[in-house]
Amino acid sequence: METDTADSSDHAGASKAIAKGIAAGHSKEKPGFWLHLSGTGILCWKDMETETYGEAPSQQPYDDLDRVSDLTSLPDSAFHRDVDKIVLGASSHIVKTAVICPPTIYGAGRGPGNQRSRQVYNLVKTTLEQGQAPQLGKGLTEWDNVNVHDLSDLFVLLTEAAVANKPDLDDKLWGKEGYFLAENGHHVWGEVSKLVGETAFQKGFIKEKGTKAMSPDEAKEVAGFEALSWGLNSKGFAKRARKYLGWKPTGRSLEDEIPYIIDGEAELLGIKKGHAEKVAGAK
């Protein structure tokens, strides 16, 4: 079985090599299983196409069960779509594929390397560095989210399903319908920014608890290209894993995790509680 993560969602060369290797080393009697990590940035395609930031969703949420065909036929312009098509195209009786699309990931990782995700963490980092929480435009954009431990549980369940290799679940878990939106919650980016600002203020890390509206260019300048995701919509429901794998997320919610994220980012930046007051007093 092959699980590709890291830069898997945008590395076409690696995906082509994996597809070729699995097909060459397996047969219909002994199929190979490929768990591919994509991402729900792929659902932002319409906002990216129209260069719309900070506005409420203009599309109905996606659905990985009843409307899975909408996900497997997204426009070629969609982020990650080129690699998704390679994986979906490799699906056969010999190569059984599953595409896992996590949204905003949060929670402390348990691995030996990077234990920090990016979207919310960089928003918090920017808040602490700028002294106020950033908000793209009106802050009305909506995303889904998942605790990293619940995401890892989904990978375990898919791995166990691959080992069991039950033919009656083939078309439910693998291939053209083997597409999983790994969400367990939804958030509005403006509300997240507001909560981050209020919490960081209460903890004494900043002296302005309100949000600061930013343009896309300003956000990119202070936090890089990924900051644009704070102003794009990515909405969907993870029904497939719940129905066919019994996936039951139990991790702490994003809202409950934010105080811990703030403390962690403050530690990485080398600041302590009361920092805002000290800075203010020095002026």
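These figures come from a predicted structure and were not determined experimentally. Below, all heavy atoms of this structure are taken into account, side chains as well, without hydrogens, waters or symmetry copies.
- Of the possible donor and acceptor atoms, one in the side chain of Ser234 sits under 3.5 Å from a partner among the backbone N and O of Thr40.
- In summary, Lys176 and Asp171 do not engage in a salt bridge, as defined by a charged side-chain N under 4.0 Å from a carboxylate O.
- Shortest non-hydrogen contact noted between Ala223 and Thr126 is CB-OG1, 3.5 Å.
- Hydrophobic clustering, with ILVMFWY side chains joined whenever heavy atoms are under 4.5 angstrom apart, keeps Leu151 apart from Val156.
- Note on Leu245: it clusters hydrophobically with Leu65, by side-chain heavy-atom contacts below 4.5 Å among ILVMFWY residues.
- In this structure, the side chains of Lys96 and Asn165 come closer than 4.5 Å at one or more pairs of heavy atoms.
- Under the 6.0 Å cut-off for aromatic ring centres, Phe237 and His186 qualify, their centroids lying closer than that.
- The structure places OG of Ser215 at 9.0 Å from CD of Glu221, a figure rounded to the nearest 0.5 Å.
- Here the side chains of Ile258 and Ile262 are in contact, with some heavy-atom distance below 4.5 Å.
- Listed for the Asp150 side chain is a donor-acceptor partner under 3.5 Å among the backbone atoms of Thr250.
- Side-chain atoms of Asp64 never come within 3.5 Å of backbone atoms of Phe180 as a donor-acceptor pair (strictly under, hydrogens ignored).
- Using a cutoff of 4.0 Å between basic side-chain nitrogens and carboxylate oxygens, Lys212 and Glu218 are not scored as salt-bridged.
- Under the salt bridge (charged side-chain N to carboxylate O under 4.0 Å, His left out) rule, Asp63 has a single partner from Lys243, Arg242, Lys239, Arg240, which is Lys239.
- At distances below 3.5 Å, at least one donor-acceptor pair connects side-chain atoms of Thr141 with backbone N or O atoms of Trp230.
- Salt-bridge formation is detected for the pair Glu265/Arg116: a Lys NZ or Arg NE/NH1/NH2 atom is positioned less than 4.0 Å from an Asp or Glu carboxylate oxygen.
- We find that Asp70 and Arg67 are joined by a salt bridge, their nearest charged nitrogen and carboxylate oxygen being less than 4.0 Å apart.
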message: Checking Val222 against Met214 for the side-chain contact (heavy atoms from CB on, under 4.5 Å) test, could you report, in this order, the C-alpha distance in whole Å, the side-chain angles of both residues, the deciding distance, and whether it holds?
response: CA-CA 10 Å; Val222 300; Met214 283 186 175; 3.9 Å; yes

task: Step by step, work out the side-chain contact (heavy atoms from CB on, under 4.5 Å) result for Leu169 and Tyr244.
output: CA-CA 8 Å; Leu169 288 178; Tyr244 295 114; 4.1 Å; yes

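- A heavy-atom distance below 4.5 Å is found between the side chains of Cys101 and Val99.
- Within the model, atoms SG of Cys44 and CG of Asp47 stand 7.0 Å from one another, a figure rounded to the nearest 0.5 Å.
- Between Glu55 and Lys138 there is a salt bridge, since a side-chain N of the basic residue sits under 4.0 Å from a carboxylate O of the acidic one.
- For Gln135 (side chain) and Gly137 (main-chain N/O), a donor-acceptor pair under 3.5 Å exists by modelled atom type.
- Follow the hydrophobic side-chain contacts under 4.5 Å out from Tyr121 and you reach Leu228 in the same cluster.
- With contacts defined as side-chain heavy-atom distances shorter than 4.5 Å, the pair Arg81/Pro75 does not qualify.
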query: Given Lys235 and Glu183, is the salt bridge (charged side-chain N to carboxylate O under 4.0 Å, His left out) satisfied, shown in steps?
result: CA-CA 9 Å; Lys235 291 269 292 178; Glu183 60 75 26; over 6 Å; no

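- Asn145 places no side-chain N or O within donor-acceptor distance of the main-chain N or O of Leu254, the cut-off being under 3.5 Å.
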task: Starting from the C-alpha separation in whole Å, work towards a yes-or-no answer on side-chain contact (heavy atoms from CB on, under 4.5 Å) for Asp76 and Asp82.
output: CA-CA 7 Å; Asp76 285 351; Asp82 57 336; over 6 Å; no

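- Put simply, CG on Asp84 and OG on Ser38 are 3.5 Å apart, with the number rounded to the nearest 0.5 Å.
- The pair Arg118-Glu226 meets the salt-bridge criterion, since a charged nitrogen lies less than 4.0 angstrom from a carboxylate oxygen.
- Side chain to side chain, Thr211 and Ser193 fail the donor-acceptor criterion of an N or O pair below 3.5 Å.
- Atom-to-atom distance recorded for Lys20:NZ and Ile86:CD1 is 13.5 Å, nearest 0.5 angstrom.
- Exactly one residue among Ile261, Val192, Thr199, Asp263 makes a side chain to side chain contact (heavy atoms under 4.5 Å, CB included) with Val124. That residue is Ile261.
- Between His149 and Arg110, some side-chain heavy-atom pair lies under the 4.5 Å cut-off.
- The two atoms that bring Pro31 and His93 nearest to each other are CB-O, 3.4 Å, heavy atoms only.
- Here the closest non-hydrogen pair linking Trp143 and Thr104 is CE3-OG1, 3.4 Å.
- Residues Leu43 and Gln59 approach most closely at O-OE1, 4.4 Å, considering heavy atoms.
- To the nearest 0.5 Å, atoms CG (Asn147) and CD1 (Ile105) are separated by 10.0 Å.
- Both Leu269 and Ile206 are part of a single hydrophobic cluster, where members link through side-chain heavy atoms under 4.5 Å apart.
- Between Ser229 and Gln119 the shortest heavy-atom distance is OG-NE2, 2.9 Å.
- Nearest heavy-atom pair across Thr97 and Ser91 is OG1-CB, 3.5 Å.
- We find the NE2-CG distance between His80 and Leu74 to be 11.5 Å, quoted to the nearest 0.5 Å.
- For the pair Pro103 and Val146, the minimum side-chain heavy-atom distance is below 4.5 Å.
- By the 4.5 Å heavy-atom criterion applied to side chains, Tyr53 and Asn233 are not counted as neighbours.
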field: Stepwise side-chain contact (heavy atoms from CB on, under 4.5 Å) check, Leu123 with Trp189
entry: CA-CA 10 Å; Leu123 189 151; Trp189 276 114; 4.0 Å; yes

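- Contact of the Leu158 side chain with the Trp247 side chain is not registered, since no non-hydrogen atoms from C-beta on lie closer than 4.5 Å.
- Ring-centre distance between Phe79 and Trp45: not below the 6.0 Å cut-off.
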